[in-house]
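I have placed the structure first, in the form of structure tokens, so that the comments after it can refer back to it.
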Amino acid sequence: MGRILDEHLIYEVLSVVEEIPAGKVATYGQIARLIGRDKNARLVGRVMSMAEYYGSYPCHRVVNHAGRLVPGWKEQRALLEAENVPMKNENHVNIKACQWAD
DNA sequence: CAAATGACGCCAG
DNA sequence: ACTGGCGCCATTT
């Protein structure tokens, strides 16, 4: 299985993710806008799901527009709390308080 | 080619 | 806050 997604897209998404500072989070839509692909939030999510294959990136700092954590990824919460990211409840960060101002 | 599937987003109830 | 419905895009069935 070769490259499923456009390598250019993967490169752009991951370079943005790399910039998210510890203690902050970014949303899929936010990242999509930053790379000039406003309507491609879903693709950003797809890239994230395969990010491990391309290297090590702070994927735990990417959440959806409501601040919900990745469904099924247990370690994410601990990773965020280790950076003192404010949580709203078990599955959500307080996005208002910790969204990365780009 | 039609329908379904997702680490999504926005709006209405 | 939670749930549907619709729009969005690439990939898969």
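Sorted by first and then second residue, the pairs that involve residues 80-90 of chain A and meet salt bridge (charged side-chain N to carboxylate O under 4.0 Å, His left out), not counting sequence neighbours, are Arg61(A)-Glu83(A), Arg77(A)-Glu81(A), Arg77(A)-Glu90(A).
With sequence neighbours left out, the side chain to side chain donor-acceptor pair (under 3.5 Å) criterion links Asn84(A) to no other residue. For Ala41(A), the side chain to side chain contact (heavy atoms under 4.5 Å, CB included) test picks out Tyr28(A), with sequence neighbours left out. Legend: residues meeting side chain to side chain contact (heavy atoms under 4.5 Å, CB included) with Ala82(A), ordered by chain and number and at least two apart, are absent.
Running 5' to 3' along DNA chain B, contacts with non-hydrogen atoms of chain A at under 4.0 Å begin and end at dG6(B) to dC10(B).
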List, with names and distances, any nitrogen or oxygen atoms from the protein found under 3.5 Å away from nitrogen or oxygen atoms belonging to nucleotides 5-9 of chain C.
| from | atom 1 | to | atom 2 | distance (Å) |
| --- | --- | --- | --- | --- |
| dG7(C) | O6 | Arg42(A) | NH1 | 3.4 |
| dC8(C) | N3 | Arg42(A) | NH1 | 3.4 |

Determine all donor-acceptor pairs shorter than 3.5 Å in which one atom belongs to a side chain in residues 10-24 of chain A; sequence neighbours excluded.
| from | atom 1 | to | atom 2 | distance (Å) |
| --- | --- | --- | --- | --- |
| Glu12(A) | OE2 | His8(A) | ND1 | 3.4 |
| Glu12(A) | OE2 | His8(A) | NE2 | 3.1 |
| Ser15(A) | OG | Tyr11(A) | O | 2.5 |
| Ser15(A) | OG | Glu12(A) | O | 3.1 |

Would you tabulate the side-chain donor-acceptor contacts of residues 65-75 of chain A under 3.5 Å, counting partners in other chains and residues two or more places apart, or write 'none'?
| from | atom 1 | to | atom 2 | distance (Å) |
| --- | --- | --- | --- | --- |
| Trp73(A) | NE1 | Glu75(A) | OE1 | 3.0 |

Determine all donor-acceptor pairs shorter than 3.5 Å in which one atom belongs to a side chain in residues 31-40 of chain A; sequence neighbours excluded.
none

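What you find for Leu80(A) and Val93(A) is that their closest heavy atoms are CD1-CG1, 3.8 Å.
Nucleotide dT3(C) holds its P atom 11 Å from the CZ atom of Arg68(A), rounded to whole Å. Rounded to an integer number of Å, the gap from Ile10(A) CD1 to dA10(C) C1' is 12 Å.
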